[in-house]
Asks: 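Here it is, the structure in full.
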Amino acid sequence: MKKVVLAYSGGLDTSVAVAWLREKYDCEVVCLTVDVGGGSLREGVEKRAISAGASRAYVVDARERFVRDFVWPHLQANALYQGAYPLATALARPLIAQLLVEVARREGADAVAHGCTGKGNDQVRFDVAVHALDPGLEVVAPMRVGMGLTRDQEIDYAAERGIEIPITKASPYSIDVNLWGRSCETGVLEDPWVTPPPDAYEWTVAPSSAPEPVELVIEFEGGLPVAIDGERLDPVELVDRLHDLGGAHGVGRIDHVEDRLVGIKSREIYETPAATILHEAHRGLESLTLTKDTLRFNRTVANELAQLTYDGLWFSALHRDLRGYVASSQRVVSGEVRVRLDHGSAVLVGRRSPLSLYDKNLATYDTGDAFDHAAAVGFIGIFGLPLRVEAARHGAVGARYGAAWSWTDPLLSELPTTVTDPEPVAAG
Ligand code: ARG
């Protein structure tokens, strides 16, 4: 290994990793820092990389690309891992991996490196993505191959080598941030019974101390949010705006015990104010504009896509093809939704669309009803036909063939029942 490109956050671990890689492999280290928003870009990161011994430091502002190509397709798909996690960390990994490979090529490097541990999902995501894009590159994870230092040892290691280290107080948690979410784990959170302490949260106020509820109107075009309260915003601005608003109202706290790809259950606290609001809003608009069959099928696609993304399989053909389907299914998801931010929840309170499939004349119970009630009789006769046949053929014989149930199990006689007859009228 002669030259390695390291995914560099500017934190203590990766700063130490720069020196550790140089010493262990006697190689040149190029640092790559990717700004994916949410405070992921530490100030002076390039200076720190050089001070740690990097021969060159790249800093890439990928926020816009991150939202457009990674976050948006998953919002359109309603993709949540295990129905809960908006995949913030998982979504940034393939983007960073892609940039690692590109910088490696530009620099003529023969390896890339990342600061992931050997028991998380992120190592898998990086390794798998890099090798899909360039099987010739070696992937090194210092934490996995011997750089197992405690925080104090890392501080000493850096001091001995004159490496500038970030002056932050030791966080009791392991944290990852980008503009779509904040992931926080370890420490006291490792006991899934423990209530997350207030310091586990940084982006959201406690719902109980949120201010008076507010309502906002979010406009979508083709399944993508484009404006808030009539003001058109570019994707990063829009996410940032909802991040601030949602956070101020305590929206987007998720306490999730999830299943990692490496077979471990782990407890993670997520803060995803913008993602929580936008997922709620998007689903609300889809309920108005998509047919029930599309909605049902999309739930399957959402689960598959979330799983593939979580598992680091972004650069697979299936992932690409599912994204293609999702994009196509969003043609008609245009319109507006009204969302109320109320003490920790984002509640959909209204939706409208020029492409709405909702027909008040069909739905109404008032005058103007256009639905053919009489036709319902014939419809039900045919719709219920298979069930009537089954009940007739199998229902009666179920008990004889050992079924544990029967349609003739008594119900009425087992429930407290009163029966009232009219008073007999006395004969006059
Ligand atoms: N469990 C999340 C995932 O696998 C987040 C991982 C990073 N979390 C962290 N706190 N460092 O996508």
Side-chain angles (χ1 to χ4, degrees), residues 7-15 17 33-34 36-42 66 70-71 73-75 77 79-97 114-129 141-144 148 151 154 166 168 170-192 194 196-197 199-204 252-273 275-276 279 302-303 305-314 319:
Y8 180 70
S9 71
L12 180 59
D13 289 345
T14 49
S15 294
T33 305
V34 182
V36 277
S40 53
L41 182 68
R42 291 181 165 92
F66 178 50
F70 294 79
V71 169
H74 285 64
L75 173 64
L80 300 172
Y81 181 61
Q82 296 189 319
Y85 165 41
L87 294 158
T89 297
L91 285 168
R93 298 319 188 189
L95 170 58
I96 298 170
H114 58 71
C116 305
T117 68
K119 61 192 286 191
N121 297 311
D122 287 326
Q123 53 164 350
V124 184
R125 296 171 184 151
F126 276 125
D127 292 21
V128 163
M143 306 290 235
R144 233 169 21 193
R151 186 182 157 82
E154 285 188 345
T168 49
S171 166
Y173 309 109
S174 157
I175 292 156
D176 179 68
V177 291
N178 62 50
L179 52 74
W180 201 230
R182 177 177 183 271
S183 310
C184 176
E185 63 182 344
T186 73
V188 294
L189 301 173
E190 283 177 359
D191 180 349
V194 164
D199 72 352
Y201 298 105
E202 223 167 71
W203 286 7
T204 54
R253 293 184 167 194
I254 300 164
D255 180 345
H256 187 219
V257 173
E258 77 190 24
D259 287 280
R260 285 192 198 160
L261 177 53
V262 293
I264 303 169
K265 281 196 186 289
S266 72
R267 197 268 193 103
E268 193 112 31
I269 301 301
Y270 296 108
E271 287 178 281
T272 62
T276 297
H279 270 284
N303 285 335
L305 196 63
Q307 187 74 53
L308 293 175
T309 297
Y310 188 85
D311 290 350
L313 298 172
W314 187 281
H319 199 287

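Only heavy atoms go into these numbers, but all of them, side chains included; no hydrogens, no water, no symmetry mates. Read the numbers this way: they start at 1 and go in the same order the structure lists the ligands and their atoms.
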Asks: Using a 4.0 Å heavy-atom cut-off, say whether E268 meets ligand 1 through its side chain, its backbone, both or neither.
Replies: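 Only the side chain of E268 comes within reach of ligand 1.
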
Asks: Measure Y81 to ligand 1 on non-hydrogen atoms and call it side chain, backbone, both or neither using the 4.0 Å cut-off.
Replies: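 No part of Y81 is near ligand 1 at this cut-off.
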
Asks: For atom 10 (N) of ligand 1, tell me which residue out of A88, A92, S174 has the closest non-hydrogen atom.
Replies: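 It is S174 that holds the nearest heavy atom.
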
Asks: Under a 4.5 Å cut-off applied to non-hydrogen side-chain atoms, are W180 and V36 in contact?
Replies: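 A side-chain contact is absent here, since even the closest heavy-atom pair is not under 4.5 Å.
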
Asks: Which one holds for L87 and ligand 1: side chain close, backbone close, both close, or neither close, with close meaning a heavy atom under 4.0 Å?
Replies: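 Within the 4.0 Å criterion, L87 makes no contact with ligand 1.
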
Asks: Side chains of K119 and M143: does their closest heavy-atom pair fall under 4.5 Å?
Replies: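 Contact flag for K119/M143 side chains = no.
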
Asks: Cation over ring, R260 on Y310, under 6.0 Å and within 45°?
Replies: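 No, R260 and Y310 do not form such a contact.
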
Asks: W314 vs H319 aromatic rings, parallel, tilted or perpendicular, using cut-offs 30° and 60°?
Replies: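 Ring orientation, 0 to 90° scale: tilted.
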
Asks: Going by atom types alone, do Q307 and D311 pair a side-chain donor with an acceptor below 3.5 Å?
Replies: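 Indeed, the side chains of Q307 and D311 share at least one donor-acceptor pair under 3.5 Å.
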
Asks: If you compare all heavy atoms of C184 against all heavy atoms of A200, which two are closest, and at what distance to 0.1 Å?
Replies: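 Answer, listing the atom of C184 first, then A200: SG-O, 3.7 Å.
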
Asks: For atom 4 (O) of ligand 1, what is the nearest protein heavy atom, given as residue, atom name and distance?
Replies: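 Going atom by atom, the protein heavy atom closest to atom 4 (O) of ligand 1 ends up being N121 ND2, 2.7 Å.
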
Asks: If the contact criterion is a heavy-atom separation under 4.0 Å, does Y270 count as touching ligand 1?
Replies: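 The answer is yes, since Y270 has a heavy atom less than 4.0 Å from ligand 1.
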
Asks: Can you see whether Y270 engages E258 through a side-chain donor-acceptor pair at a distance of less than 3.5 angstrom?
Replies: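 A pair is found: one side chain offers a donor N or O, the other an acceptor, under 3.5 Å apart.
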
Asks: If you measure from each non-hydrogen atom of R125 to ligand 1, which part falls under 4.0 Å: side chain, backbone, both or neither?
Replies: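 Side chain only; the backbone of R125 stays clear of ligand 1.
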
Asks: Can you name the atoms of ligand 1, numbered from 1 with element, that are less than 4.0 Å from a heavy atom of D122?
Replies: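 Close to D122: 6 (C), 7 (C).
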
Asks: I'd like to check which ligand 1 atoms, numbered from 1 as shown, lie under 4.0 Å from a non-hydrogen atom of Y85.
Replies: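 Counting from 1, the qualifying ligand atoms are 2 (C), 3 (C), 5 (C), 12 (O).
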
Asks: E258 versus ligand 1: do any nitrogen or oxygen atoms come within less than 3.5 Å of each other?
Replies: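 Yes, E258 has an N/O under 3.5 Å of an N/O on ligand 1.
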
